[in-house]
**Student:** 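Sharing a structure with you now.
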Amino acid sequence: MLGVKWSSSELAAEKLGITEIKLSSFRENGILKPGIHWKSSPLGQKKPWNPKALYNIKMCRKIINKFYFEEKYNIAA
């Protein structure tokens, strides 16, 4: 994927209009997939057992919008 831009969780959450906690929750619950929606930061980490995640905002937006649409639809049904 040429041209993919990876952003910090702070910037991604801001651009997606959600909190960093919600973004992290999507990642931890498997909604955001590694290598597609997020990846571990290649930079040196103080806590290598808990690396910072970098996000592909464009791909995250697609899946989050889909997730919210399906969740809203399932509640209304």
**Student:** Would you say R61 and K15 make side-chain contact, with heavy atoms under 4.5 Å?
**Tutor:**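 Heavy-atom side-chain distance check passes, below 4.5 Å.
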
**Student:** In Å and rounded to the nearest 0.5 Å, what is the OG to CD1 distance from S24 to I21?
**Tutor:**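 One finds 8.5 Å between OG of S24 and CD1 of I21.
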
**Student:** So, taking the atom named NZ in K58 and the one named NZ in K5, what distance separates them when rounded to the nearest 0.5 Å?
**Tutor:**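 Separation between the atoms: 11.5 Å.
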
**Student:** Can you confirm whether I36 sits close enough to N56 that some side-chain heavy atom of one is under 4.5 Å from a side-chain heavy atom of the other?
**Tutor:**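 Sidechains of N56 and I36: no contact.
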
**Student:** What residues form a side-chain contact (heavy atoms from CB on, under 4.5 Å) with I18, not counting sequence neighbours?
**Tutor:**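 Listed in chain order: L16, K22, L23, F26, I64, Y68.
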
**Student:** Who are the side chain to side chain donor-acceptor pair (under 3.5 Å) partners of S25, not counting sequence neighbours?
**Tutor:**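 By the side chain to side chain donor-acceptor pair (under 3.5 Å) rule, S25 matches N29.
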
**Student:** Measure the CH2-CG distance between W38 and L32 for me, rounded to the nearest 0.5 Å.
**Tutor:**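 Going from the CH2 atom of W38 to the CG atom of L32 covers 9.5 Å.
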
**Student:** Table please: side-chain donor-acceptor pairs of residues 6-13 below 3.5 Å, with sequence neighbours left out.
**Tutor:**
{"unit_1": "S8", "atom_1": "OG", "unit_2": "E10", "atom_2": "OE1", "d": "3.1"}
{"unit_1": "S8", "atom_1": "OG", "unit_2": "L11", "atom_2": "N", "d": "3.2"}
{"unit_1": "S9", "atom_1": "OG", "unit_2": "E20", "atom_2": "OE1", "d": "2.8"}

